[in-house]
Asks: 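Can you keep this structure in mind? I'll have questions shortly.
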2 protein chains.
Amino acid sequence: MSPYDPSAFPPFAVTVDLVVLTVRRDALCALVVRRGEPPFQGRWALPGGFVRGDEDLGAAAARELVEETGLCVHDPAAPPPALGNGAHLEQLATYGDPDRDPRMRVVSVAHLALAPDLPAPRAGGDANSARWAPVEDLLGQDGGAEGEGDQSGPLAFDHARILADGVERARSKIEYSSLATAFCPPEFTVGELRRVYEAVWGVALDPRNFHRKVTGTPGFLVPAGGTTTRQGGRPAQLFRAGGATLLNPPMLRPEI
Amino acid sequence: MSPYDPSAFPPFAVTVDLVVLTVRRDALCALVVRRGEPPFQGRWALPGGFVRGDEDLGAAAARELVEETGLCVHDPAAPPPALGNGAHLEQLATYGDPDRDPRMRVVSVAHLALAPDLPAPRAGGDANSARWAPVEDLLGQDGGAEGEGDQSGPLAFDHARILADGVERARSKIEYSSLATAFCPPEFTVGELRRVYEAVWGVALDPRNFHRKVTGTPGFLVPAGGTTTRQGGRPAQLFRAGGATLLNPPMLRPEI
DNA sequence: ACAAAAGTGTTGGATTTACACCCATGA
DNA sequence: TCATGGGTGTAAATCCAACACTTTTGT
């Protein structure tokens with residue numbers, strides 16, 4: 001058969017699923033929504049939805065992100081690093097196991113979004129509730145969601161794997177790119193940025209060496225002018241994300 | 001509308017496209033096939049085809065790879081690093097611009113394969129010919145394919161962008177992983193591995209420091225026992241790829 | 001003997017780490 | 001005054017680039 005015979009290809013549904021990460025109370029958290037209908041009714045899932053007939057994949061992801069969080073992406077069509085106070089959004093990977101959705105053949109193009117700490121998420125679409133959950137709770141050895149009075153079980157579909165892939169991507173990307181600033185408000189201190197690294201990597205970093213490193217990496221941070229004492233202690237300089245997207249030299253994640 | 005109403009989603013065709021890279025005559029080359037039918041008839045394109053109705057994405061990519069090159073992937077379902085003399089295959093990215101195929105809405109899940117230098121490619125499927133072309137020629141500033149008496153123009157569809165993404169991925173992944181060995185035969189010398197790095201990065205590396213670095217990185221190479229003089233000069237030890245997939249410390253790509 | 005490629009040794013400079021120490025604020 | 005986080009200085013350990021030099025083959 002000719003591979004381009006229009007009658008010869010099986011039809012697929014194509015969706016986008018979102019791994020939206022933020023740092024709240026020194027923990028890496030992901031946005032999850034509760035499913036209101038079968039399958040997996042009552043279980044937590046990643047936000048997502050169908051790609052429309054005339055819509056690009058990145059545009060569909062940006063649309064879902066706005067619907068779920070109100071977050072704007074600065075330029076959905078532009079290359080990855082969206083700067084400023086909008087979220088960062090990039091394609092993560094595509095999941096297409098024939099059995100991943102029991103109803104039909106669905107291929108999901110997962111996207112990764114990094115956002116600063118937000119007010120409460122707003123539920124939308126078919127979800128009857130939404131919340132930020134620590135990824136540690138969602139990805140426990142036995143599939144997560146236990147231990148806080150939440151009996152809803154592990155994430156729906158193959159979303160635990162998608163979330164794990166997104167978390168791993170975020171962990172490695174903040175090593176060699178300036179993406180960690182996407183977790184910060186428009187103006188932030190070196191200490192706040194350090195706490196982002198510590199939360200995402202789950203390690204403790206030396207504040208003195210971190211400060212030297214991050215202020216010495218060209219293009220990573222630019223002084224915003226003021227200071228703040230919102231963390232207590234001596235006032236800290238405020239910075240904004242600089243123009244650099246690739247860090248040279250990279251931040252070094254401690255071994256083990 | 002409910003996003004899960006089965007009648008509410010638009011149908012898509014889903015394909016896999018392959019960026020198959022190898023190193024031939026000290027140049028990074030990609031496998032391209034000539035299109036036998038419109039659109040883009042007569043132009044070079046990446047190999048690829050439709051995903052079958054009951055087939056996983058990785059399985060479809062592995063199937064196309066065998067059809068086009070005869071290369072086997074050691075375990076299509078296993079995580080990325082396939083060792084030994086088979087090819088490495090991993091998902092690259094998904095391309096779904098509504099206008100990328102003039103006939104219908106096609107979402108293509110591109111995969112990246114790295115292979116050792118092979119005999120002549122064998123044409124298959126709808127391609128009436130196939131060849132290895134230096135990526136430099138395929139990705140010239142004006143879209144490539146000129147300069148060697150080939151008037152077929154730039155790559156079909158958005159394949160130039162897919163190829164560029166695949167090359168960029170390969171260039172960065174050999175930095176921090178042992179993937180460069182996927183370009184080598186089962187047994188190879190340090191010099192042959194160095195020429196892989198030089199071809200992929202397009203730089204010259206110091207043979208002495210490279211040797212020390214690569215033999216000193218734990219798990220990268222294991223001695224295979226023999227020696228060879230196939231490169232001339234003093235006999236060189238033969239090595240096999242070691243078990244390590246992540247290199248620590250990474251190989252350093254020279255700046256600019 | 002010579003060319004060519006494989007390896008080893010050494011050295012100076014850069015980077016990283018660990019930690020002593022000082023600074024500026026709120027309570 | 002003390003606790004708290006912000007920031008600088010410095011010395012030891014480590015890593016890396018550059019290159020002199022030796023080894024082992026083919027011609």
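Throughout, protein chains are lettered first and strands after them, A, B, ... in sequence-line order, and every chain is numbered starting at 1. Every value quoted in this text rests on a predicted model; they were computed, and no experiment measured them. Heavy-atom basis, side chains included; hydrogens, waters and symmetry copies ignored.
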Asks: May I have the distance from A:Leu221 (atom CG) to D:dG7 (atom P), rounded to whole angstrom?
Replies: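 Interatomic distance, CG of A:Leu221 to P of D:dG7: 11 Å.
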Asks: Give the rounded distance in Å between these two atoms: CD of B:Gln231 and P of C:dG7.
Replies: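 B:Gln231 atom CD is separated from C:dG7 atom P by 12 Å.
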Asks: Send over the distance from A:Phe210 CZ to C:dT16 P, rounded to a whole Å.
Replies: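 These atoms are roughly 13 Å apart.
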Asks: Taking CG from A:Asn209 and P from C:dA20, how many angstroms apart are they, rounded to a whole number?
Replies: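 A:Asn209 atom CG is separated from C:dA20 atom P by 13 Å.
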Asks: Answer with yes or no whether B:Arg212 presents, from its side chain, a donor or acceptor under 3.5 Å of a partner atom in the base of C:dG9.
Replies: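 Per atom types, the contact qualifies.
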Asks: From the set C:dA6, D:dC19, D:dC16, return the single nucleotide nearest to any side-chain atom of B:Pro249.
Replies: D:dC16
Asks: Remember a base hit wins even if backbone is also touched, and classify B:Arg194 as base, sugar-phosphate or nothing at under 4.0 Å, heavy atoms.
Replies: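 Sugar-phosphate: the residue B:Arg194, judged by heavy atoms under 4.0 Å, touches backbone atoms but no base.
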Asks: For B:Trp132, is the NZ or CZ atom of B:Arg25 found under 6.0 angstrom from the centre of its six-membered ring and inside 45 degrees of the ring axis?
Replies: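 The answer is no, since B:Arg25 fails at least one limit relative to B:Trp132.
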Asks: Rounded to whole Å, how long is the line connecting atom CG of B:Asp206 with atom P of C:dA6?
Replies: 12 Å
Asks: Can you figure out which of C:dG7, C:dC19, D:dT25 approaches the side chain of A:Arg208 most closely?
Replies: C:dC19
Asks: In whole angstroms, how far is the P atom of D:dT14 from the CG atom of A:Leu252?
Replies: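 Atom-to-atom, A:Leu252 to D:dT14, this comes out as 16 Å.
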Asks: Can you confirm whether A:Arg161 is buried at CZ, in the sense that more than 12 heavy atoms of other residues, nucleotides or ligands lie under 6.0 Å from that atom?
Replies: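 Open.
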Asks: State whether a side-chain donor-acceptor pair under 3.5 Å links B:Tyr176 with B:Asn248.
Replies: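 No, B:Asn248 and B:Tyr176 have no side-chain donor paired with an acceptor closer than 3.5 Å.
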Asks: Considering only heavy atoms and no angle criterion, is a donor-acceptor pair shorter than 3.5 Å present between the side chain of B:Arg234 and the base of C:dA6?
Replies: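 Such a pair exists between side chain and base.
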Asks: Rounded to whole Å, please give me the gap between NZ in B:Lys213 and P in D:dT14.
Replies: 16 Å
Asks: What pair of heavy atoms forms the shortest contact from B:Glu192 to B:Glu187, and how long is it?
Replies: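 Heavy-atom minimum between the residues: OE1-O, 4.4 Å.
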Asks: Quickly work out the B:His211 NE2 to C:dA4 C1' distance and round it to whole Å.
Replies: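 Going from NE2 in B:His211 over to C1' in C:dA4 covers 16 Å.
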